[in-house]
Number of protein chains: 6
Amino acid sequence: MATVKLWTDEEVAADPRVQAVFDDIRATRKSEFVNNFWRALANQPALLEQTWSSIKEVMMAPGALDPLTRELIYIAVSATNACSYCVHSHTAAARAKGMTEGQHAELIAIIAMASQTNALANALQIPVDPEFER
Amino acid sequence: MATVKLWTDEEVAADPRVQAVFDDIRATRKSEFVNNFWRALANQPALLEQTWSSIKEVMMAPGALDPLTRELIYIAVSATNACSYCVHSHTAAARAKGMTEGQHAELIAIIAMASQTNALANALQIPVDPEFER
Amino acid sequence: MATVKLWTDEEVAADPRVQAVFDDIRATRKSEFVNNFWRALANQPALLEQTWSSIKEVMMAPGALDPLTRELIYIAVSATNACSYCVHSHTAAARAKGMTEGQHAELIAIIAMASQTNALANALQIPVDPEFER
Amino acid sequence: MATVKLWTDEEVAADPRVQAVFDDIRATRKSEFVNNFWRALANQPALLEQTWSSIKEVMMAPGALDPLTRELIYIAVSATNACSYCVHSHTAAARAKGMTEGQHAELIAIIAMASQTNALANALQIPVDPEFER
Amino acid sequence: MATVKLWTDEEVAADPRVQAVFDDIRATRKSEFVNNFWRALANQPALLEQTWSSIKEVMMAPGALDPLTRELIYIAVSATNACSYCVHSHTAAARAKGMTEGQHAELIAIIAMASQTNALANALQIPVDPEFER
Amino acid sequence: MATVKLWTDEEVAADPRVQAVFDDIRATRKSEFVNNFWRALANQPALLEQTWSSIKEVMMAPGALDPLTRELIYIAVSATNACSYCVHSHTAAARAKGMTEGQHAELIAIIAMASQTNALANALQIPVDPEFER
């Protein structure tokens, strides 16, 4: 269970500010489904608006990285932070954006490899080479 | 300072098993520079061989993700694990593989966005939607 | 399931050392309810005594921070450590100490903000300004 | 060293969008000093604007928590994320907002206590009590 | 639910490469039970082979640390990473290798103690003593 | 630099409560050297006393695990928490208690292995097998 109320569609409908964000989520994603993350943030309209606005900008605006690559990076951060919810939701999002099983498999292998060498560097306290200084 | 000795080229030259890995690192990267990470692992030849072999396979073998995307994922994991050494070395590696400042900027924004929503999901203990179950 | 036995009240009653701590928990909190955390620690009476004693000192003794502020800090650490149990138990504790929904909402926003800027500082490896040195 | 350029005041002056944020930072804080965090974000004007705007809203807008309490929570998250830069900058910020040595000492003790019990709950995999469900 | 398919024995039997690893797991452990970790990795045969091979080498090969000590270290890392699956599987593994309740209790107390002092050192940003430099 | 004052021997001598702990540290360790961790905690005498008392109990009291094994576990937690200070101080402590280079090498390999499989389990969200339930 969440530590806050998850808003139902009826509760959302009673709050125009929240409803506006939910409308935009549905329109942007072309789907009626709105996941629990947004139903939890509905308790804090300012945070809801700001987070959705940032997600749209960071994950969907035209830019130098394609949308699927952005989701792969998001999954990598979420797995490393042990965020169960986020791994689930962004793995689903990546699949919706066309992630193949082969791409997922490589992503998983990179996350594992990086975690291993991160642990080695931290356990051995390896000093940064001067060559890496920008 | 590292908690173990960082091997000099002279010390490496005296150990054929370690020298063979260093030779392959230089040949593969087409560069004489071998960074401290490998000089620290030189104390454990089996781990040195296995780690270099895995890195080559995971980061360089032909596959579904291009080499630069793999480095971006690696940086994302390393930043999240607060691994200073790894952020420095893999940011340098990504630049060497052609990462533009624009791509780096978007990577940074995604890492920040994901860390924020990971914290929200963990702080609110949001339950996984059944729709995300595979 | 826990990786250790959770002690029932009957099992507690059979061990005077554990019973004494449980008695003090109930008396201090003015509640019959003793949560699973203490039922798990009951397997290690010395750790049980020391942890309860520290919690009382750190969270309840008169001091410079009021009890609710202390709980907010506790939740912030617990969310960041991805400790599901602790987020649940200390959010309940904070509410019992009077945390309003408005205070909770601000706490959540600060945790998210800090996680975001922590990720930025770690991903960019920003050096500490000399002005911050004490 | 940072993995990106830290902008000097001269470089900032050449970019009106960045200069506007720096002007607001100085005016808001009533201080000429702008710390490295913002000099690093200057490479990404959109992220710079959004982060400063959020910090102002989350940390300074009137609300249910006083400004010092907000800084204590920020330090707690930053220490748990092992963000050296953020611990330094927000400990300085808390002192600037009036944090006494006694308050700092209690904050430190709570962070340590929470980290200890987080580890216990995670190591013992203690299940959440139904009583904590909202 | 996992984000990938967990292979049944029937599915494993249809893939000789995966079957070979499962055969070796069963023979090495002298048990028919193969846990979900390997059933998830079965989707990535190369990662499956490499991970099982490394686990055998690191955890079971003759060496300077006895097998139970290795499992205690494994649990310590897993608890600190908030990896619920790994705490469960390696606590079970440690018990299968003879871990007593007394040893488990001491392990738990050390994990808690280290987590507490880690938090103190990170929160206070204590500089490394020159005496600790190797 | 630490975020708090590191007490010199002269400052310690002026505070009998702190001096008593420092005397006991020196007597217990049979060494005049007192490291920065304790000089930072000196600002909080109650925390100083409690932490030193717990360290003595958890790390030095007769028990089911030998002192060196306890230090190995401590290093594993500290590396995973990215606590640079603690990795340095406890690697030194382990060496002082007789840790060989071979034991250190195996410890490092286990930390790396566990970090890798922790990441895999978290990235794949593998459900706990019922067989692991106690």
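Chain identifiers are assigned alphabetically (A, B, ...) following the order of the sequence lines, protein sequences preceding nucleic acid strands; residue numbering begins at 1 within each chain.
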Heavy-atom pair of closest approach, residues Met1(E) and His88(A): O-CE1, 2.9 Å
Can you name the residues that form a side-chain hydrogen bond (donor to acceptor under 3.5 Å, both in side chains) with Ser89(A), not counting sequence neighbours?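 Once residues adjacent in sequence are excluded, Ser89(A) has no partner under the side-chain hydrogen bond (donor to acceptor under 3.5 Å, both in side chains) criterion.
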Please flag which part of Ala82(A) lies under 4.5 Å from any non-hydrogen atom of chain E: side chain, backbone, both or neither. side chain
Thr3(E) side chain reached by His104(A) side chain, heavy atoms, under 4.5 Å: yes
Write out all pairs satisfying disulfide bond (SG atoms under 2.5 Å apart) with one or both partners inside residues 39-89 of chain E, taking only residues at least two apart or from two chains.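 Applying disulfide bond (SG atoms under 2.5 Å apart) to every pair that reaches into residues 39-89 of chain E, excluding sequence neighbours, yields Cys83(E)-Cys86(E).
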